[in-house]
Amino acid sequence: MSDPMRPPVSHHHSQTTSLRSDPSRPRASLRTAVVWEVLQDALDRRVKATGRASLDVLDTGGGSGKFAVPVARLGHRVTVVDPSPNALFALERRTAEAGVAERVRGVQGDAHGLFDVVERGGYDAVLCHGVLEYVDDPAEGIGNAVAALRPEGVLSLLAAGLGGAVLARALAGHFKEARQALDDPNGRWGEGDPVPHRFTAEQLTALVEGAGLEVAAVHGVRVFADLVPGVLVDTEPGALDALLKLEAAVAELPAFHSVATQLHVLGETRGVAES
């Protein structure tokens, strides 16, 4: 990570276990470690800038709380918006087990009707993870997420990467599907593709900038993790930690963004970018 993404560690860090070091979810850490480190640093900087120990965070499409629970463990208040009642039920159970139920609120809704269920301009940070792939109008989805931010706030955007899908289909021997994904305007490899939209890093940064934010950082996520045989990671001593370190090392390198399974963009309001 570059120096701007590594501010002084706040007192909140002692209150939680990093997703990267969670022993109960070793494989899950491959999917979350890079994003979590960037997000945690961004929240710490907002704490320092605002002088408030507890921020208001909106997690759109937050599901059962994969990020909401650790964010709440940092001491922040989190509102999770998700269209699935089952996911929200799982969120309630998960927050209770984690001891953060009083800091997490789940409401049923989606990106299109976001302001039917949450306050416009009421959040210090908005998480938009795994949402853009499934909305009809990605620009509208980003626009709503940005409109939920306070004048000084940050957006954490995570979406499916085009190049990762093309590479995965090709390595599996599905060369026609790989070419279809490459040529398709939505990055889909065929009718059976469960993902409606995939993006390049350039497309995501253009969406973020088009919504009025400054792009603070772009990271490739799961560059190698989805290509490495699971048995190797699970059984080879030290393999998981070495793979995590490799993922972190290449995450910021533009050359690897084009083959990442997911892309993470950190956007900031102009007030934050100028401070």
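Reckoned from all heavy atoms, side chains included, excluding hydrogens, waters and symmetry mates.
- Sparse packing is recorded around CG of Asp136, with 12 or fewer heavy atoms of other residues, nucleotides or ligands lying under 6.0 Å away.
- Here the side chain of Gln203 pairs a donor or acceptor atom with the backbone of Thr200 at under 3.5 angstrom.
- Here Asp124 pairs with Arg150 in a salt bridge; the nearest charged N to carboxylate O distance falls below 4.0 Å.
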**Report entry** side-chain contact (heavy atoms from CB on, under 4.5 Å) between Thr60 and Leu127, intermediate numbers included
**Finding:** CA-CA 6 Å; Thr60 63; Leu127 281 57; 5.8 Å; no
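- When atom types are taken as modelled, the side chain of His197 and the backbone of Val135 share a donor-acceptor pair closer than 3.5 angstrom.
- Looking only at distances, a side-chain donor or acceptor of Glu133 sits under 3.5 Å from a matching main-chain atom of Ala160.
- Ala33 and Leu244 make their closest contact through CB-CD2, 3.8 Å (heavy atoms, listed as atom of the first residue, atom of the second, distance).
- Residue Val131 comes nearest to Ala111 through the heavy atom pair CG1-CB, 4.0 Å, listed as atom of the first residue, atom of the second, then distance.
- In terms of heavy-atom proximity, Gly220 sits nearest to Ala260 at CA-CB, 3.7 Å.
- Formation of a donor-acceptor pair under 3.5 Å by the Asp193 side chain with backbone atoms of Trp189 is found in this model.
- Taking the side chain as every heavy atom from C-beta outward, Leu158 and Leu263 never approach each other to under 4.5 Å.
- Ion pairing between Asp183 and Arg179 holds under the 4.0 Å rule for side-chain N and carboxylate O.
- The two residues Ala42 and Val154 make their nearest non-hydrogen contact at CB-CG2, 4.5 Å.
- In this structure, Gly65 and Pro70 approach most closely via the heavy-atom pair O-CD, 3.9 Å.
- When atom types are taken as modelled, the side chain of Thr79 and the backbone of Leu58 share no donor-acceptor pair closer than 3.5 angstrom.
- Under a hydrophobic-cluster definition in which Ile, Leu, Val, Met, Phe, Trp and Tyr are linked whenever side-chain heavy atoms come within less than 4.5 Å, directly or via other members, Val126 and Val118 are assigned to the same cluster.
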Requested in this report: Check step by step if salt bridge (Lys or Arg N to Asp or Glu O under 4.0 Å) holds for Asp241 and Lys245.
Outcome: CA-CA 6 Å; Asp241 188 58; Lys245 291 177 179 177; 3.2 Å; yes
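- Remark: the backbone N or O of Gly190 is not paired with any side-chain donor or acceptor of Gln180 at under 3.5 angstrom.
- Looking at His129, its side chain never comes within 3.5 Å of a backbone N or O of Phe67 through a donor-acceptor pair.
- Cluster annotation: Val215 and Phe199 are assigned to the same hydrophobic cluster (Ile/Leu/Val/Met/Phe/Trp/Tyr, side-chain heavy-atom contacts under 4.5 Å, transitive).
- Atom SG in Cys128 sits 9.5 Å away from atom CG in Asn144 (nearest 0.5 Å).
- Side-chain contact check for His112 versus Glu140: some heavy-atom pair is nearer than 4.5 Å.
- No donor-acceptor distance shorter than 3.5 angstrom exists from the side chain of Arg198 to the backbone of Leu162, with no hydrogens or angles considered.
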Query - Verdict with supporting geometry, Arg45 and Glu268, salt bridge (Lys or Arg N to Asp or Glu O under 4.0 Å) - result: CA-CA 12 Å; Arg45 285 186 283 123; Glu268 299 177 337; 3.1 Å; yes
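- With hydrogens and angles disregarded, a donor-acceptor distance shorter than 3.5 Å links the side chain of Glu247 to the backbone of Phe224.
- Residues Leu207 and Leu213 fall within the same hydrophobic cluster, defined by Ile, Leu, Val, Met, Phe, Trp and Tyr side chains chained together at heavy-atom separations under 4.5 Å.
- Taking CG of Leu91 as the reference point, atom NZ of Lys66 lies at 13.5 Å (rounded to 0.5 Å).
- The CZ atom of Arg52 sits 10.0 Å away from atom NE2 of His76, with the distance rounded to the nearest 0.5 Å.
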Requested in this report: Let me see the working for Leu157 and Leu204 under side-chain contact (heavy atoms from CB on, under 4.5 Å), right down to the final yes or no.
Outcome: CA-CA 9 Å; Leu157 172 64; Leu204 289 180; 4.1 Å; yes
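- At a threshold of 4.5 Å between non-hydrogen side-chain atoms, the residues His264 and Val34 do not count as touching.
- Under the 3.5 Å distance criterion, the side-chain polar atoms of Arg188 are left unmatched by any main-chain donor or acceptor of Ala181.
- You'll find the side chain of Val146 reaches within 4.5 Å of the side chain of Leu155, heavy atoms only.
- Residues Phe256 and Leu171 share a hydrophobic cluster, clusters being chains of Ile/Leu/Val/Met/Phe/Trp/Tyr side chains in contact below 4.5 Å.
- Side-chain contact check for Val71 versus Leu39: some heavy-atom pair is nearer than 4.5 Å.
- Between Glu152 and Arg270, no side-chain nitrogen of the basic residue sits less than 4.0 Å from a carboxylate oxygen of the acidic one, so the salt-bridge criterion is not met.
- Atom CG of Leu167 sits about 10.0 Å away from atom CG of Asp226, to the nearest 0.5 Å.
- Shortest non-hydrogen contact noted between Pro85 and Gln108 is CG-NE2, 3.5 Å.
- Between atom CG of residue Leu88 and atom OG1 of residue Thr95 there is a gap of 10.5 Å, rounded to the nearest 0.5 Å.
- Put simply, the side chain of Arg105 does not reach to within 4.5 Å of the side chain of Val80, judged on heavy atoms.
- Using a 4.5 Å heavy-atom cutoff, the side chains of Ile142 and Leu132 are in contact.
- Clustering ILVMFWY residues whenever any of their side-chain heavy atoms sit less than 4.5 angstrom apart, transitively, puts Leu227 in the very cluster that holds Leu246.
- More than 12 heavy atoms of other residues, nucleotides or ligands sit less than 6.0 Å from atom CZ of Phe115.
- Annotation: side chain of Leu55 is in contact with side chain of Thr50 (closest heavy-atom distance under 4.5 Å).
- Here the straight-line distance linking atom OG of Ser156 with atom CD of Gln40 works out to 12.5 Å at 0.5 Å rounding.
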